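Residue numbers start at 1 and run along the sequence shown. Computed from a predicted structure; not experimentally measured.
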Amino acid sequence: MSIFVFSVVLFAASLHAIWNAVVKGGSDKLLTTVLVTTSAALIAAVCLPFLPVPNRESWPYIGASTLLQVGYYVLVARTYHLADMSQTYPLMRGSAPLLVAITSVAFLGSNLSTSAWIGIAIICAGILAMATSGRSTNKAGLALAFLNAGVIASYTLIDGLGVRLSGTPAAYTLWIFLLTGIPLVVWAFAARRMAFQNYIATNWHLGMIGGAGTIVSYGLALWAMTLAPVAVIAALRETSILFGTAISALVLKEHISIVRVIAVGIIAVGAGILRFA
């Protein structure tokens, strides 16, 4: 992997941690999530007229990914309502890359080098060690985090294939965010109209930060998947936990144990190995 692609994926990882922190820090986790997806949908609607339409072969993948990502955002909101970001974020993000790697090799015919497998395994081990350190505050939150890992792995594999068929990674990404945002904002206005309107008035800036962060983060990751194996990019992107841990400690004021600090170092080693995979 080139240093440029490596650096781009790390930047995408930092943006991913930022928008998750926006959701965790919101007073209403579900409305904050809807605000983020609504902002992302508005950004997509503004940009799409200037981009080519994705190839017809990629649209079934866009549809499947949209359904999964709606579920993903709902699970993110519920998980952060129940448990700390510093514990559930690593579980959600750390379990997914291993599932992606195994599935892509077993069913999609991908070939990974020995060093790639070692890097993926080290990153997953570090993230899961971080997530399971200390006493769990909410078992339901951890269960939802594991469930969401499966959702993440599913849409990552789907998009890894779909974006290569699309002919236009940027438009492929934006269509997903437009179609994902529509049902969530419709639900918000139908079920919690007044609360959502008031929430927009006082938190619109968080929505714009989160919306831009999630689009750019995932768009860059999908672009990288057109140049490198999906499993490698998926694992490298989950180094977002390095940034998420720092945000959890410095901004959200969550307690970070020495075990989790050591786990961060393990993740960094895994990322370094992937750089040369």
Chemist: For Asn55 and Ser166, does a side-chain donor sit closer than 3.5 Å to a side-chain acceptor?
Modeler: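 No pair is found: no donor N or O on one side chain lies under 3.5 Å from an acceptor on the other.
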
Chemist: State, with a plain yes or no, whether a side-chain heavy atom of Phe4 is found less than 4.5 Å away from one of Val8.
Modeler: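 The answer is yes, as the side chains (C-beta and beyond) meet within the 4.5 Å cut-off.
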
Chemist: Using the side chain to side chain contact (heavy atoms under 4.5 Å, CB included) rule, take Asp159 and Gln69 through it: C-alpha gap first, then chi angles, then the decisive distance, then the call.
Modeler: CA-CA 11 Å; Asp159 288 335; Gln69 296 218 32; 3.5 Å; yes

Chemist: Looking at every heavy atom in both Val151 and Leu68, which two are closest together, and how far apart are they?
Modeler: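 Minimum heavy-atom contact is CG1-O, 3.4 Å.
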
Chemist: Answer yes if Val74 and Tyr72 sit in the same cluster of Ile, Leu, Val, Met, Phe, Trp and Tyr residues linked by side chain heavy atoms under 4.5 Å apart, and no otherwise.
Modeler: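 Val74 clusters together with Tyr72.
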
Chemist: At what distance, to the nearest 0.5 angstrom, does CD1 of Ile233 lie from OG1 of Thr226?
Modeler: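 It is 9.0 Å, given to the nearest 0.5 Å.
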
Chemist: Checking Asp28 side chain against Leu31 main chain: does a donor-acceptor pair fall under 3.5 Å?
Modeler: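 Yes, because the side chain of Asp28 sits within donor-acceptor range (under 3.5 Å) of the backbone of Leu31.
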
Chemist: Does CZ in Phe189 sit with more than 12 non-hydrogen atoms of other residues, nucleotides or ligands closer than 6.0 Å?
Modeler: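 Yes, the 6.0 Å shell around CZ holds more than 12 heavy atoms from other groups.
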
Chemist: Side-chain contact, heavy-atom cut-off 4.5 Å: Arg78 with Lys29?
Modeler: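 They are not in side-chain contact.
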
Chemist: To the closest 0.5 Å, what do you measure between OG (Ser65) and CG (Leu179)?
Modeler: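 If we round to the nearest 0.5 Å, Ser65:OG and Leu179:CG are 9.5 Å apart.
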
Chemist: Can you check whether Met208 reaches Leu35 side chain to side chain, under 4.5 Å on heavy atoms?
Modeler: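 Result no, sub-4.5 Å side-chain heavy-atom pair not found.
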
Chemist: Any heavy-atom pair between the side chains of Thr156 and Met225 that's under 4.5 Å?
Modeler: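 Yes; the side chains approach each other to less than 4.5 Å.
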
Chemist: Taking all non-hydrogen atoms of both residues into account, name the closest pair between Pro52 and Ala171 and its distance.
Modeler: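 For Pro52 and Ala171, the tightest heavy-atom pair comes out as O-CB, 3.2 Å.
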
Chemist: Give me the atom names and distance for the closest heavy-atom approach of Ala17 to Phe243.
Modeler: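 The pair with the smallest heavy-atom distance is CB-CB, 3.7 Å.
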
Chemist: Identify which one of Leu222, Ile215, Val216, Leu220 satisfies the side-chain contact (heavy atoms from CB on, under 4.5 Å) criterion when paired with Tyr218.
Modeler: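 Of the listed residues Leu222, Ile215, Val216, Leu220, the side-chain contact (heavy atoms from CB on, under 4.5 Å) partner of Tyr218 is Leu222.
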
Chemist: Are Ile209 and Ile43 connected, step by step, through hydrophobic side chains (Ile, Leu, Val, Met, Phe, Trp, Tyr) whose heavy atoms are closer than 4.5 Å?
Modeler: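 Yes.
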
Chemist: Got a second to check how far Leu174's CG is from Ile62's CD1, nearest 0.5 Å?
Modeler: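 It comes to 10.0 Å.
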
Chemist: If you round to the nearest 0.5 Å, how far is CD1 of Ile158 from OG1 of Thr66?
Modeler: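 Nearest 0.5 Å value for the OG1-CD1 distance: 10.0 Å.
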
Chemist: If you compare all heavy atoms of Pro169 against all heavy atoms of Trp223, which two are closest, and at what distance to 0.1 Å?
Modeler: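 Heavy atoms of Pro169 and Trp223 come nearest at CB-CA, 4.4 Å.
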
Chemist: Donor-acceptor check, side chain of Ser217 to backbone of Ala12, threshold 3.5 angstrom: yes or no?
Modeler: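 Yes.
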
Chemist: Answer whether the closest heavy-atom distance between the side chains of Phe6 and Ile3 falls below 4.5 Å.
Modeler: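 Answer yes - side chains close enough.
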
Chemist: Less than 4.5 Å apart, side chain to side chain, heavy atoms only: is that true for Tyr172 and Thr168?
Modeler: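 No; the side chains remain at least 4.5 Å from each other.
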
Chemist: CG of Leu67 to OG of Ser154: how many Å apart, nearest 0.5 Å?
Modeler: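 Answer rounded to 0.5 Å: 12.0 Å.
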
Chemist: Could you tell me whether the side chain of Asn198 and the main chain of Met194 form a donor-acceptor pair under 3.5 Å?
Modeler: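 It does hold such a pair.
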
Chemist: Given side chain to side chain contact (heavy atoms under 4.5 Å, CB included), test Val53 with Trp59 step by step and report yes or no.
Modeler: CA-CA 10 Å; Val53 177; Trp59 281 96; 4.0 Å; yes

Chemist: Aromatic rings Trp19 and Tyr73: how do their planes relate, parallel, tilted or perpendicular, breaks at 30° and 60°?
Modeler: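 Ring orientation of Trp19 relative to Tyr73: tilted.
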
Chemist: Is there a side chain to side chain contact (heavy atoms under 4.5 Å, CB included) between Ser39 and Trp204 once you walk through the steps?
Modeler: CA-CA 9 Å; Ser39 298; Trp204 64 269; over 6 Å; no

Chemist: Flag the pair Thr37 / Thr214 as yes when at least one side-chain heavy-atom distance between them is below 4.5 Å, and no otherwise.
Modeler: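 Result no, sub-4.5 Å side-chain heavy-atom pair not found.
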
Chemist: Which atoms form the tightest heavy-atom contact between Thr33 and Ala77, and what is the distance?
Modeler: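 Answer, listing the atom of Thr33 first, then Ala77: OG1-CB, 3.4 Å.
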
Chemist: Show your reasoning for whether side chain to side chain contact (heavy atoms under 4.5 Å, CB included) applies to Arg192 and Tyr199.
Modeler: CA-CA 10 Å; Arg192 301 179 62 183; Tyr199 206 73; over 6 Å; no

Chemist: Any chance you could measure Leu178, atom CG, to Leu42, atom CG, to the nearest 0.5 Å?
Modeler: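 Result: 9.0 Å between the selected atoms.
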
Chemist: Can you find a pair of side-chain heavy atoms, one from His81 and one from Leu30, that are under 4.5 Å apart?
Modeler: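 His81 does not reach Leu30 side chain to side chain.
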
Chemist: If you take all heavy atoms of Val23 and Thr32, which pair is closest and at what distance?
Modeler: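 Taking Val23 first and Thr32 second, the nearest heavy atoms are CA-CG2, 3.7 Å.
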
